[in-house]
Amino acid sequence: MGDQEGFVKHIASKAEDFSQWYIDVVLRAELADYAPVRGCMVIRPHGYALWENMQSLLDARLKATGHKNAYFPLFIPESFLRKEAEHVEGFAPEVAWVTKAGNEELPEPLVVRPTSETVIGHMYAKWIKSWRDLPVLINQWANVVRWEKTTRLFLRTSEFLWQEGHTCHRTAEEAESETLKILEVYRRFLTEDLAIPVVTGQKTEREKFAGAVRTYCIEALMTDGRALQAGTSHNLGQNFAKVFDITYLDEDNELKHVWQTSWGVSTRLIGGIIMVHGDERGLALPPKVAPVQVVIVPILAASSREVVLSAVGGIQERLSKVCRVEADCREEYSPGWKFNEWELKGVPIRLEIGPRDLKAGQVILVRRDTGEKTAVPMDGLETAVTNMLDDVQKGLYLKAKRFVEDNTRIVEDYDTFKDILETRRGFMDAPWCGDQACETAIKEETGATIRCIPMGRLPRPGKCIHCGKDTDTWVYFARAY
RNA sequence: CGAGGUGUAGCGCAGUUUGGUAGCGCGCUUGGUUCGGGACCAAGAGGCCCCGGGUUCAAGUCCCGGCACCUCGACCA
């Protein structure tokens, strides 16, 4: 990659000031901007195009597993929220209220949805009559509002965009298998489309969703060593079915409550992409979701201007059949300026073409992830570009995977645990007795939380990192966003 | 919600100590020369100095009171 100096002077150094770097990247890459309302953001075209690509890939995966989209209202009657005790307790502190319409007080205050279990449960009670109506597999793409005290662009804003799936099943087993199926959909979406490696696992009682029986999650590791909860899938059991009276008449002619799940991922994932793949030069986007996959930068000298521009047109035409391509033919910026600008915006491949290349019948391709430059013959350009996009996608994933491996440490001693948190951070795989008191104490003493109890692992003897009691449960700790 | 910090041109800041004509860099506009890693010259445009009171002949600057945003902590996707 050569010297880092002199490439980008307009964003903070990632190594020296990670938080400022993150903000600079979001703003300078024009993903988002601060809105006039506290804690809210505007997602700008470049950021929104990224979200749209993410949406369409995940949406296809959800449809392939039998889910259908629907839309439920933004406003929820106060009384709905109160029905499930744990649920209110979990969300009450951060709900936004609508109490007036014009000048008149509303008869019943409305909450702006922080999540839709309650309204959807109400509707499901109307719609479901028979075991033949099951399963119900509905997903919604929507905005939700949670009035957060501290906000950060994409990672935590008062309003955010997400998808929330809400399903009903005939049996507990079927609900559990749906919960796990979605977790797998999320895992593959993150690894295959976003190039973000994740740990899958179960949340502890303390960390689970308010109102769920069990919460599964995918956890990702950011390059500053902090964890990001990237998606959750909840087995709701019959908790909401009972309070909303969602029942069906079973084959045996008995009235039974349905078994439910809910699950979601949000625009927070954009923050994850930035913090996993970004570098000193700015954003680096995985090709599968990058709004622009290839940017053409012509070298325009006066003598060869016309021929170069016409070659650009031809290349753009050809490449537009195999990828998302854009040509930057602005005359008021120098090529060097454009190189930096498009790198900052995370475009996976830059294609340079100038008089020298025209003579040689080639173009120059430059990879965003490695900075590597390759001369590629004009013939077969489509194949070279498609292959390179695949390579960048894989390269980003492998680099991120190596980082997670290098920063996941087996820890059996509390002093080491604390020391790692102060210095390198990352995931700590440590024994835990299962007692919530230890979990809370660790959080208070070190700031680390249990990110998850990883799935598919054999029991292994150890002594609780905090109290020293014998246990065979090992969990992932980290400081989290 | 606690602790700090910052509010002056679109952005980043100086000016506040010691009250006296509103400044710098970048960006923006126009014209010209350039173009293989953030080019250069020339001429321009752009201000409720966060808001409200007060002191003063005079306030960006001093006093009082608000508000907003950012960072770090406690809580959450």
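Order of the sequence lines sets the chain letters (A, B, ...), proteins ahead of strands, with each chain counted from 1.
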Chemist: Using the C1' atom as the point on both nucleotides, what is the distance between B/G20 and B/A74, in whole Å?
Modeler: 49 Å
Chemist: With nearest nucleotide decided by heavy atoms, which residue, A/Arg146 or A/Pro355, maps closer to the 5′ end of RNA chain B?
Modeler: A/Pro355
Chemist: Base, sugar-phosphate, or nothing: which does A/Leu228 touch, judged by heavy atoms less than 4.0 Å apart?
Modeler: nothing
Chemist: Mind checking A/Glu331 for me? I need base, sugar-phosphate or nothing, with any heavy atom below 4.0 Å counting as a touch.
Modeler: base
Chemist: Quickly work out the A/Ile353 CD1 to B/C35 P distance and round it to whole Å.
Modeler: 18 Å
Chemist: Could you tell me whether A/Gly264 contacts a base, only the sugar-phosphate backbone, or nothing, with contacts defined as non-hydrogen atoms closer than 4.0 Å?
Modeler: nothing
Chemist: What integer distance in Å separates A/Lys208:NZ from B/A77:C1'?
Modeler: 16 Å
Chemist: How many Å lie between CD1 on A/Ile364 and P on B/G36, as a whole number?
Modeler: 14 Å
Chemist: P atom, B/C63 versus B/C75: distance in rounded Å?
Modeler: 38 Å
Chemist: When both hydrogen-bonding distances must be under 3.5 Å and the geometry is Watson-Crick or G-U wobble, what is B/U56 paired with, if anything?
Modeler: none
Chemist: Return the nucleotide paired to B/G44: Watson-Crick means purine N1 to pyrimidine N3 with N6-O4 or O6-N4, wobble means G-U with N1-O2 and O6-N3, both under 3.5 Å.
Modeler: B/C28
Chemist: If you count every heavy atom of other residues, nucleotides or ligands that lies below 6.0 Å from A/Glu89 atom CD, does the total exceed 12?
Modeler: no
Chemist: What do the steps show when you test A/Phe417 against A/Tyr414 for ring-ring contact (aromatic ring centres under 6.0 Å, His included), and what is the final call?
Modeler: CA-CA 5 Å; A/Phe417 184 95; A/Tyr414 202 43; 5.7 Å; yes
Chemist: Which of the following nucleotides, B/C75, B/A77, B/G36, is nearest to the side chain of A/Ile299?
Modeler: B/G36
Chemist: For a quick check of understanding: with a heavy-atom distance under 4.0 Å over all strands, which category does A/Thr157 fall into, base, sugar-phosphate or nothing?
Modeler: base
Chemist: Looking at the base of B/G37, is there any donor atom on it, or on the side chain of A/Lys373, that sits under 3.5 Å from an acceptor on the other one?
Modeler: yes
Chemist: Determine which nucleotide pairs with B/A3, using a 3.5 Å limit on both distances of a Watson-Crick or G-U wobble pair.
Modeler: B/U71
Chemist: Rounding to the closest angstrom, what is the interatomic distance between B/C24 and B/A39 at atom P?
Modeler: 23 Å
Chemist: Looking only at atom C1', what distance separates B/A14 and B/U6, rounded to whole Å?
Modeler: 15 Å
Chemist: Does the side chain of A/Glu176 come under 3.5 Å of the side chain of A/Tyr216 through a donor N or O and an acceptor N or O?
Modeler: yes
Chemist: Ignoring hydrogens and geometry beyond distance, is the side chain of A/Ser266 in donor-acceptor contact with the base of B/A77 at under 3.5 Å?
Modeler: yes
Chemist: For A/Glu352, answer base if it contacts any base atom (sugar-phosphate contacts may also be present), sugar-phosphate if it contacts only those atoms, and nothing otherwise; contact means non-hydrogen atoms under 4.0 Å.
Modeler: base
Chemist: By nearest heavy atom, map A/Gly39 and A/Phe160 onto RNA chain B; which one lands nearer the 5' end?
Modeler: A/Gly39
Chemist: I need the CZ-C1' distance between A/Arg305 and B/U34, as an integer number of Å.
Modeler: 13 Å
Chemist: Specify the separation, in whole Å, of atom CD of A/Glu86 and atom P of B/C76.
Modeler: 13 Å
Chemist: Which part of the nucleic acid, if any, lies within reach of A/Ser19 when heavy atoms closer than 4.0 Å are counted: base, sugar-phosphate only, or nothing?
Modeler: sugar-phosphate
Chemist: If we only count heavy atoms from C-beta on, is the A/Val199 to A/Leu221 side-chain gap below 4.5 Å?
Modeler: no
Chemist: What nucleotide, of B/G37, B/C76, B/C35, holds the atom closest to the side chain of A/Leu300?
Modeler: B/C35
Chemist: How is A/Glu341 classified with respect to the nucleic acid when contacts are heavy atoms under 4.0 Å: base, sugar-phosphate, or nothing?
Modeler: base
Chemist: Side-chain contact, heavy-atom cut-off 4.5 Å: A/Lys345 with A/Val292?
Modeler: no
Chemist: CZ of A/Arg356 versus P of B/G36: gap in Å, rounded?
Modeler: 9 Å
Chemist: When the P atoms of B/C40 and B/G23 are considered, how many whole Å apart are they?
Modeler: 26 Å
Chemist: Give the C-alpha distance, both sets of side-chain angles, the deciding distance and a yes or no for side-chain contact (heavy atoms from CB on, under 4.5 Å) between A/Phe209 and A/His87.
Modeler: CA-CA 8 Å; A/Phe209 177 74; A/His87 193 66; 3.7 Å; yes
Chemist: Side-chain N or O of A/Thr115 versus OP1/OP2 of B/A77: is the shortest distance under 4.0 Å?
Modeler: no
Chemist: Considering every strand and a 4.0 Å limit on heavy-atom distances, what is the contact class for A/Arg350: base, sugar-phosphate, or nothing?
Modeler: base
Chemist: Does the side chain of A/Arg152 get closer than 4.0 angstrom to OP1 or OP2 of B/C72 through an N or O atom?
Modeler: yes
Chemist: Only pairs with both distances under 3.5 Å count, Watson-Crick or wobble alike; so what is the partner of B/C49 in this structure?
Modeler: none
Chemist: For B/G15 and B/C49, measure between their C1' atoms and round to the nearest Å.
Modeler: 10 Å
Chemist: Please check: side-chain N/O of A/Arg113 versus main-chain N/O of A/Phe72, any donor-acceptor pairing under 3.5 Å?
Modeler: yes
Chemist: According to the Watson-Crick and G-U wobble definitions, with both distances under 3.5 Å, which nucleotide is paired to B/G23?
Modeler: B/C13
Chemist: Can you tell me if the side-chain N/O atoms of A/Ser334 get under 4.0 Å from OP1 or OP2 in B/A39?
Modeler: yes
Chemist: Main chain of A/Arg214, side chain of A/Asn235: is a donor-acceptor contact present, judged purely on distance under 3.5 Å?
Modeler: no
Chemist: Does the structure show a Watson-Crick or G-U wobble partner for B/U34, both distances under 3.5 Å? Name it, or say none.
Modeler: none
Chemist: Using whole Å, report how far CZ of A/Arg156 lies from C1' of B/U71.
Modeler: 15 Å
Chemist: Distance between the C1' atoms of B/U61 and B/C50, in whole angstroms?
Modeler: 16 Å
Chemist: Over how many whole Å does the gap from A/Tyr216 atom OH to B/A77 atom P extend?
Modeler: 17 Å
Chemist: Provide the distance between the two P atoms, one in B/G46 and one in B/U33, to the nearest whole Å.
Modeler: 28 Å
